[in-house]
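Written out below as structure tokens is the structure these notes cover.
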Amino acid sequence: MPSVVVVGAQWGDEAKAKVVDLLGAEADVVVRSQGGNNAGHTVVIGGNTFIFHLIPCGALRPGVVSVIADGVVVDPKHFFSEKTELEKRGIKVTPERLLLSERAHLIMPYHRLLDTLSEGMKAGAKIGTTGRGIGPCYADKAARSGIRVVDLLDEETFRKRLDAALAEKNVLLEKLYGHQPLAADEIAAEYLGYAAGLRPFVRDTQDYLWTALDEKKRVLFESAQGTLLDIDHGTYPFVTSSNAAVFGACAGSGTSPKHIGKVIGVLKAYTTRVGAGPFPTEAKDALGERLRETGQEFGATTGRPRRCGWLDAVAGRYVARLNAFDALAITKIDVLTGLEKLRVCTAYRVSGRTLEDFPSDVRTLETVEPAYEELPGWTEDISKARKLSDLPKTARAYLRRIEEFMSAPIEIVSVGPERDETIWIGRGKR
Ligand code: IMP
């Protein structure tokens, strides 16, 4: 297996974690490069559900080393609670199996607070963030006022950086939001308390990854969120604050694009979005309800109901070109069973014009009308299908249509949450 990046091809929640877990069977290292505990990566094994938010889901594979790399934003409080949860379920999260980058930025209590307060102020223009402090933490990173894991390991540096940050945040909290100021001593005591527990996990993960790649170890990058939530290329401003598309894997881990052997796009057989922002194929009717209930489309992090709708080939073509997918994994196709007709949006109509390219402007995207193509559905239970020929002809035609507009071959089709509820196509399983 060459180094592989697994990327979400929609607005997140494409069931990437199942794909990462499957490919993890052949990986030596699994890396998270961006995002933080805003993610919710669900893996189901023998009826047991494991939800990962910050820790790479490679942790489920005993021989795999998991890496939380430079570009991830880390809430230490959450780190320990997720670690404890996993350990309670029998998963070992030891410093030999999990490495945390010294360059990763820390999510601080004021980041969580400001995330919520700033959303509260955006009347009518809320992003619908997860409230985990992700945006404010990345904002501080860009403003050069962030605090990194390595800073926490040195009490004096940490205290200096905390005091400098709080001097500014407390003005914001008091004057803009009418909130009481935060006490530096309390935060310092809490965070310095985490330092001892974090220290054994902390590494120069760039160096670790370079050596691993030199030694031809199989490195799997697990992207969080989805390409349409990418800070630069998504539906801005209704995006997350990191690069969720393929390039985030390199920028956030200190590896070169030359190290990437393969890019796998994960596309759910229909579309969902959680939070605010344009969604041209959203079904606000019984279909949306049907997809939500059958697909259990409720946020793994916040529990919010996800907005649901048909596949969007306009967005799909855009995402496929942006990431240059080598292959695709199609997930949750079983959720479509029983629908008489399936629809795929092939173009947008706006002010009498037809758009075939994905617009950069959300105002346009908010007003477009999707133009649909119809395909026949199927009624057979496909959850037992293990090869392509086990699928009804109409399901295969639907998959072929996806390959056409995504210009990439499908290597994996998921027909249920369990590991074995999978169809491997062609060279998909090596
Ligand atoms: P934030 O990442 O919490 O700042 O939220 C920004 C936007 O990204 C919101 O619309 C969130 O719902 C969305 N978002 C963040 N993480 C995920 C995810 O893992 N899956 C789906 N949507 C996400």
Side-chain angles (χ1 to χ4, degrees), residues 6-20 32-43 50-57 71-75 78 82 105 107-108 110-122 124-142 222-245 248 252 266-268 270-279 282 292 295-309 315 319 331-332 362 365-366:
V6 174
V7 180
Q10 291 149 314
W11 278 287
D13 308 317
E14 297 91 352
K16 291 179 289 297
K18 169 167 172 178
V19 176
V20 172
R32 275 279 307 270
S33 298
Q34 42 74 230
N37 60 317
N38 49 347
H41 293 168
T42 307
V43 180
F50 299 87
I51 303 181
F52 296 82
H53 298 281
L54 172 66
I55 293 175
C57 63
V72 177
V73 287
V74 177
D75 185 331
H78 175 88
E82 187 166 333
H105 278 248
I107 297 180
M108 304 297 294
Y110 46 82
H111 291 139
R112 287 194 300 266
L113 195 53
L114 288 169
D115 197 357
T116 315
L117 292 171
S118 118
E119 275 281 277
M121 260 204 153
K122 289 183 181 141
K126 293 190 198 311
I127 308 292
T129 72
T130 58
R132 302 295 190 262
I134 307 295
C137 183
Y138 277 115
D140 274 1
K141 171 177 169 173
E222 172 185 8
S223 307
Q225 292 81 46
T227 300
L228 295 170
L229 288 172
D230 184 282
I231 180 79
D232 290 302
H233 307 283
T235 49
Y236 191 89
F238 301 99
V239 291
T240 190
S241 304
S242 64
N243 283 117
V266 184
L267 186 86
K268 188 152 58 182
Y270 50 95
T271 311
T272 61
R273 168 163 212 168
V274 61
F279 179 0
E282 180 173 13
R292 189 159 35 252
Q296 277 306 291
E297 296 294 351
F298 298 90
T301 299
T302 57
R304 290 179 290 179
R306 296 179 183 141
R307 301 153 66 195
C308 300
V319 166
T331 58
K332 299 183 87 163
V362 285
L365 207 51
E366 267 157 1

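Atom set for the values below is all heavy atoms of this structure, side chains included, hydrogens, waters and symmetry mates excluded. Atoms within each ligand, like the ligands themselves, are counted from 1 in listed order.
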Item to complete: List for me each residue that meets side chain to side chain donor-acceptor pair (under 3.5 Å) alongside N38, sequence neighbours excluded, and say none if there are none.
Response: Q225, T240
Worksheet entry | For Y270, ring-ring contact (aromatic ring centres under 6.0 Å, His included) partners two or more places apart | none
Worksheet item: What about H41 and H53, are their ring centers closer than 6.0 Å?
Response: no
Show me a pair-per-line table, with atom names and distances to 0.1 Å, of protein N or O atoms that are under 3.5 Å from an N or O of ligand 1.
{"from": "ligand 1", "atom 1": "2 (O)", "to": "N38", "atom 2": "ND2", "distance (Å)": "2.9"}
{"from": "ligand 1", "atom 1": "2 (O)", "to": "T240", "atom 2": "OG1", "distance (Å)": "2.6"}
{"from": "ligand 1", "atom 1": "3 (O)", "to": "T130", "atom 2": "N", "distance (Å)": "2.8"}
{"from": "ligand 1", "atom 1": "3 (O)", "to": "T130", "atom 2": "OG1", "distance (Å)": "2.6"}
{"from": "ligand 1", "atom 1": "10 (O)", "to": "I127", "atom 2": "O", "distance (Å)": "3.4"}
{"from": "ligand 1", "atom 1": "10 (O)", "to": "V274", "atom 2": "O", "distance (Å)": "3.2"}
{"from": "ligand 1", "atom 1": "12 (O)", "to": "G128", "atom 2": "O", "distance (Å)": "3.3"}
{"from": "ligand 1", "atom 1": "12 (O)", "to": "V274", "atom 2": "O", "distance (Å)": "3.0"}
{"from": "ligand 1", "atom 1": "12 (O)", "to": "R304", "atom 2": "NH2", "distance (Å)": "3.0"}
{"from": "ligand 1", "atom 1": "16 (N)", "to": "Q225", "atom 2": "NE2", "distance (Å)": "3.2"}
{"from": "ligand 1", "atom 1": "20 (N)", "to": "D13", "atom 2": "OD1", "distance (Å)": "3.1"}

Worksheet item: Got a salt bridge between D13 and R273, using NZ or NE/NH1/NH2 to carboxylate O under 4.0 Å?
Response: no
Fill in: Which residues share a side chain to side chain donor-acceptor pair (under 3.5 Å) with K268, sequence neighbours left out
T272, E297
Item to complete: Dump the intermediate steps for ring pair (Phe, Tyr, Trp, His ring centres under 6.0 Å) on W11 and F279, then the final yes or no.
Response: CA-CA 9 Å; W11 278 287; F279 179 0; 5.3 Å; yes
